[in-house]
Q: 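My structure is below; once you've seen it, I'll send some questions.
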Amino acid sequence: MDQKIARNYEIAKEQYAEHGIDVDQVLEQLEKIKISMHCWQGDDVKGFLFKDQDLTGGISVTGNYPGAARTPEELRADLEKAFSLIPGKHKVNLHAIYADTDERVDLDKLEPKHFQKWVDWAKDNGLGLDFNPTCFSHEKSSDGLTLSHPDAEIRRFWIDHVKASRRISASFGEQLGQTSVMNVWVPDGYKDLPADRLGPRKRLKESLDEAFAEELNRQHHLDAVESKLFGIGAEAYTVGSHEFYMGYGLQNNKLICLDAGHFHPTEVISNKLSALSLFAEGILLHVSRPVRWDSDHVVILDDELLDIGKELVRGDLLGKTYIGLDFFDASINRVAAWVIGTRNTIKALLRAMLEPIEALRQAELAGDYTTRLALSEEFKTYPFGAVWDYYCAKSGVPVREEWLADVKSYEQEVLLKR
């Protein structure tokens, strides 16, 4: 390790130790946290199951940067490159359309065998896998409705798809020894004001009840449900609102997924974590960055990301929270997008762990809000960066912006030749 990095780390340790913070212990804890990195950043949410299907479901990817993955092998190579630049051992979040198979198979007929190459690869790389049914970009979702569709046959198709997805997810957990979290999100909604808001929600509830009916080993698989405020083409009404899924998740012991972009522009998910943690079985996060709307920009180290980290650490919520990423930007190098977003998410957690949490809490309980504010502000300039540099070096990944040269080289040697 570079002597300057080690020396700066020792100085930082001493400063944090003055406030009772054991930095070595913090890094041990950080190393155990797994971020679920989403595969769909690598190919603009196209997948491999339906080659010519347009992206639908109120989702939009903009940009035409060269080098998008075209095959499962290319996507896995890109993921490996990204993980080689990120400290820690993590997970990959797959959507159903990323099946790696030569067999022509529809969504409702998918089986674990269609993802076995992903499992073998994950095992070889010491990674976990998470999963998602793909309830969009399909002819049976063309009118914007899936599990809440008034046509029973179409609902049946999507119910069967979720059932199949749960079995695939459970197979991931069983084979890899890491619990697979499967998140259900559907784009169902209307562009203009509906005549009936209740009916679609009744149908969605009944569909979910049937789709989740099979008991699966919770060591292998956990279900999550995800709300959304609106989407392109579903501006007026979304069937799966936050209230709907919060109620459903609490009643049925499902993880409740909070996506940073799925609420009103002035709402933040960091403020929801403590309240939800008191009642929910668990929480799944989709860490994203909305800009004016649910635009899924690459995660940066902004105030909301820092606040998410603080709430998870201060509330001791890391044990019941599953952290996943959800962004897709085709205007920049896709591997770089993964690296930037994942490293920033880990940084936010590290910075939160390096706060004098007990001192802040005691000052607050004593009504000493002056000390609370003063400590909070002063710690913003404590040598967090020196600890981060050491953690990267210790983990065998590039320090600071050194990773960018590696990505640029990969772009020239691999991505631009596609």
Q: Any chance you could measure N132, atom CG, to N93, atom CG, to the nearest 0.5 Å?
A: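 Spacing of CG (N132) from CG (N93) equals 4.5 Å.
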Q: I'd like to know whether CG of N64 has more than 12 heavy-atom contacts from other residues, nucleotides or ligands below 6.0 angstrom.
A: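 Open.
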Q: I'd like to know if E311 and K272 make a salt bridge, using a cut-off of under 4.0 Å between side-chain N and carboxylate O.
A: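 Salt bridge absent between E311 and K272.
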Q: Using modelled atom types and a 3.5 Å cut-off, is there a donor and acceptor pairing between side-chain atoms of Q362 and backbone atoms of A359?
A: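 Looks like no, no N/O pair under 3.5 Å.
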Q: From E355 CD over to S376 OG, what is the distance, rounded to the nearest 0.5 angstrom?
A: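 The CD atom of E355 sits 6.5 Å away from the OG atom of S376.
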Q: Got a donor-acceptor contact below 3.5 angstrom from the S36 side chain to the G324 backbone?
A: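 Checking the backbone N and O of G324 against the side chain of S36, no donor-acceptor pair under 3.5 Å is found.
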Q: Compute whether any side-chain donor of one residue and acceptor of the other, for H95 and T134, lie under 3.5 angstrom apart.
A: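 Side-chain D/A pair, H95 to T134: present.
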Q: Without swapping roles, check the side chain of S207 against the backbone of I159 for a donor-acceptor pair under 3.5 Å.
A: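 Judged by distance alone, no pair lies under 3.5 Å.
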Q: To the nearest 0.5 Å, what is the distance between OG1 on T146 and CZ on F157?
A: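 Interatomic distance, T146 OG1 to F157 CZ, rounded to 0.5 Å: 10.5 Å.
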Q: Checking Q219 against T179: is there a side-chain donor and acceptor pair closer than 3.5 Å?
A: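 The answer is no; no qualifying pair exists.
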Q: Using a strict 4.0 Å threshold on nitrogen-to-oxygen distance, state whether R289 and D302 make a salt bridge.
A: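 Not counted as a salt bridge, because no side-chain N and carboxylate O are separated by less than 4.0 Å.
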Q: Are the side chains of V186 and W158 in contact, using a 4.5 Å heavy-atom criterion?
A: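 No; the side chains remain at least 4.5 Å from each other.
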Q: Judged by modelled atom types alone, do H297 and S295 share a side-chain donor-acceptor pair under 3.5 Å?
A: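 There is such a pair (donor and acceptor under 3.5 Å, judged by atom type) between the side chains of H297 and S295.
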Q: Would you say the rings of H242 and F263 are close, in the sense that their centroids are separated by under 6.0 Å?
A: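 Yes, they do, as the ring centres are separated by less than 6.0 Å.
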Q: Is there side-chain contact between V287 and I323, with at least one heavy-atom pair below 4.5 Å?
A: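 With C-beta onward as the side chain, the pair touches.
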Q: Are side-chain N/O atoms of Q116 and Q175 paired as donor and acceptor at under 3.5 Å?
A: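 Side chains of Q116 and Q175: pair found under 3.5 Å.
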Q: May I ask you to decide whether D78 forms a salt bridge with R418, counting only side-chain N to carboxylate O separations under 4.0 Å?
A: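 R418 and D78: salt-bridged.
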Q: Taking atom OG1 of T238 and atom CZ of R201, what is their separation to the nearest 0.5 Å?
A: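 Reported to 0.5 Å precision, the distance equals 8.0 Å.
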Q: Would you please test L193 and Y237 for side chain to side chain contact (heavy atoms under 4.5 Å, CB included) and show each step?
A: CA-CA 7 Å; L193 297 173; Y237 167 76; over 6 Å; no
Q: Answer yes or no: is there an ion pair linking R7 with E10, defined by an N-O contact shorter than 4.0 Å?
A: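 E10 and R7: not salt-bridged.
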Q: side-chain hydrogen bond (donor to acceptor under 3.5 Å, both in side chains): which pairs involve residues 251-261, sequence neighbours left out?
A: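 Passing the test, one end in residues 251-261: D223-K254.
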Q: If you count heavy atoms of other groups shown closer than 6.0 angstrom to CG of D124, is the number above 12?
A: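 Atom CG in D124 is packed in, count exceeds 12.
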Q: Does E111 pair with R167 as a salt bridge, N-O distance under 4.0 Å?
A: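 Not counted as a salt bridge, because no side-chain N and carboxylate O are separated by less than 4.0 Å.
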Q: When you compare the side chains of H221 and S169, does any donor N or O come within less than 3.5 Å of an acceptor on the partner?
A: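 A pair is found: one side chain offers a donor N or O, the other an acceptor, under 3.5 Å apart.
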Q: Could you go through the side chain to side chain contact (heavy atoms under 4.5 Å, CB included) check for L127 and F83 one step at a time?
A: CA-CA 10 Å; L127 302 168; F83 279 125; 3.9 Å; yes
Q: Could you tell me whether R334 and D44 make a salt bridge, using a distance below 4.0 angstrom between a side-chain N and a carboxylate O?
A: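 Yes.
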Q: How about E80 and S84: does a side-chain donor come under 3.5 Å of a side-chain acceptor?
A: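 Absent: no donor and acceptor within the cut-off.
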Q: Ignoring hydrogens and geometry, is there a side-chain-to-backbone donor-acceptor pair from T71 to E74 under 3.5 Å?
A: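 Yes, because the side chain of T71 sits within donor-acceptor range (under 3.5 Å) of the backbone of E74.
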Q: Would a distance-only check, ignoring hydrogens and angles, find a side-chain to backbone donor-acceptor pair under 3.5 Å from T321 to L318?
A: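 Here the side-chain-to-backbone pair does not exist.
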Q: Only one of L325, I269, D326 forms a side chain to side chain contact (heavy atoms under 4.5 Å, CB included) with H286, so which one is it?
A: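 Among L325, I269, D326, the one meeting side chain to side chain contact (heavy atoms under 4.5 Å, CB included) with H286 is D326.
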Q: Evaluate side chain to side chain contact (heavy atoms under 4.5 Å, CB included) for R203 paired with R155, printing each intermediate quantity in order.
A: CA-CA 9 Å; R203 292 193 293 270; R155 285 202 310 279; 3.6 Å; yes
Q: Please check if the distance between the ring centroids of F115 and F131 is under 6.0 Å.
A: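 That pair passes the under 6.0 Å test.
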Q: Rounded to the nearest 0.5 Å, how far does CG of N344 lie from CG of L349?
A: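 Nearest 0.5 Å value for the CG-CG distance: 11.0 Å.
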Q: Got L176 and K123 here, is their nearest side-chain heavy-atom distance under 4.5 Å?
A: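 When only atoms from C-beta onward are counted, K123 and L176 do touch, with a gap below 4.5 Å.
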Q: Using a cut-off of 6.0 Å, state whether more than 12 heavy atoms not belonging to K347 lie near its atom NZ.
A: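 Yes.
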Q: Hey, is E210 close enough to K163 for a salt bridge, meaning N to O under 4.0 Å?
A: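 Yes, this pair counts.
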Q: Is the side chain of H114 donor-acceptor paired with the backbone N or O of A99 at a distance under 3.5 Å, no angle test?
A: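 No, because the side chain of H114 does not come within donor-acceptor range (under 3.5 Å) of the backbone of A99.
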Q: State yes or no: are the ring centers of F379 and Y382 separated by less than 6.0 Å?
A: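 Yes, close enough.
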Q: Taking 4.0 angstrom as the limit, do E358 and R314 come out as a salt bridge?
A: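 Not counted as a salt bridge, because no side-chain N and carboxylate O are separated by less than 4.0 Å.
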Q: Please assess E411 against Y65 for the test side chain to side chain contact (heavy atoms under 4.5 Å, CB included), listing each intermediate value before the final yes or no.
A: CA-CA 11 Å; E411 180 178 293; Y65 202 91; 2.7 Å; yes
Q: Any side-chain heavy-atom pair from N8 and D389 closer than 4.5 angstrom?
A: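 In short, these two side chains do not touch, never coming nearer than 4.5 Å.
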Q: Consider only side-chain N and O atoms of D24 and Y9, and report whether a donor and an acceptor are under 3.5 Å apart.
A: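 Their side chains do contain a donor-acceptor pair, which is all the 3.5 Å distance test asks for.
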Q: Check whether any side-chain N or O of Y248 sits under 3.5 Å from a backbone N or O of D209 as a donor-acceptor pair, and report yes or no.
A: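 Such a contact is found between Y248 side chain and D209 backbone.
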Q: Side chain of T381, backbone of E378: donor and acceptor closer than 3.5 Å?
A: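 Present.
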Q: Would you find more than 12 non-hydrogen atoms of other residues, nucleotides or ligands less than 6.0 Å from D303 atom CG?
A: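 No - once you tally the heavy atoms of other residues, nucleotides and ligands closer than 6.0 Å, there are 12 at most.
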Q: Ignoring hydrogens and angles, tell me if any N or O in the side chain of K191 forms a donor-acceptor pair with the backbone of E235 under 3.5 Å.
A: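 Here the side-chain-to-backbone pair does not exist.
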Q: Can a salt bridge be assigned to the pair K13 and D22 using a cut-off of 4.0 Å between side-chain N and carboxylate O?
A: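 A salt bridge is absent here (no side-chain N lies under 4.0 Å from a carboxylate O).
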Q: Could you walk me through whether D294 and K228 satisfy the salt bridge (Lys or Arg N to Asp or Glu O under 4.0 Å) test, starting with their C-alpha distance in whole Å, then the side-chain angles of each, then the deciding distance to 0.1 Å, before giving a yes or no?
A: CA-CA 9 Å; D294 180 33; K228 191 170 185 177; 3.2 Å; yes
Q: A side-chain contact here means heavy atoms from C-beta on lying under 4.5 Å apart; do V26 and L350 qualify?
A: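 Yes. Closest side-chain heavy atoms under 4.5 Å.
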Q: Decide yes or no on side chain to side chain donor-acceptor pair (under 3.5 Å) for Y410 and N333, but give the supporting numbers first.
A: CA-CA 10 Å; Y410 186 73; N333 182 296; over 6 Å; no
Q: Taking C-beta and beyond as the side chain, do L75 and F48 meet within less than 4.5 Å on heavy atoms?
A: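 In contact.
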Q: Apply salt bridge (Lys or Arg N to Asp or Glu O under 4.0 Å) to the pair D160 and K109, showing each step before the final yes or no.
A: CA-CA 8 Å; D160 288 345; K109 301 293 192 251; 5.6 Å; no
Q: Are any non-hydrogen side-chain atoms of I308 and K310 less than 4.5 angstrom apart?
A: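 They are not in side-chain contact.
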Q: Is the backbone N or O of W338 less than 3.5 Å from a side-chain atom of T342, with the two atoms forming a donor-acceptor pair by type?
A: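 Checked: pair present.
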Q: Output the distance between atom CG (N271) and atom CG (L258), rounded to the nearest 0.5 Å.
A: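 Rounded to the nearest 0.5 Å, the CG-CG separation comes to 11.0 Å.
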Q: Are side-chain heavy atoms of Y98 and D43 found at a separation under 4.5 Å?
A: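 They are in side-chain contact.
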Q: Begin from the C-alpha positions of E281 and R218 and carry the test salt bridge (Lys or Arg N to Asp or Glu O under 4.0 Å) through to its verdict.
A: CA-CA 12 Å; E281 177 79 5; R218 293 177 64 83; 2.8 Å; yes
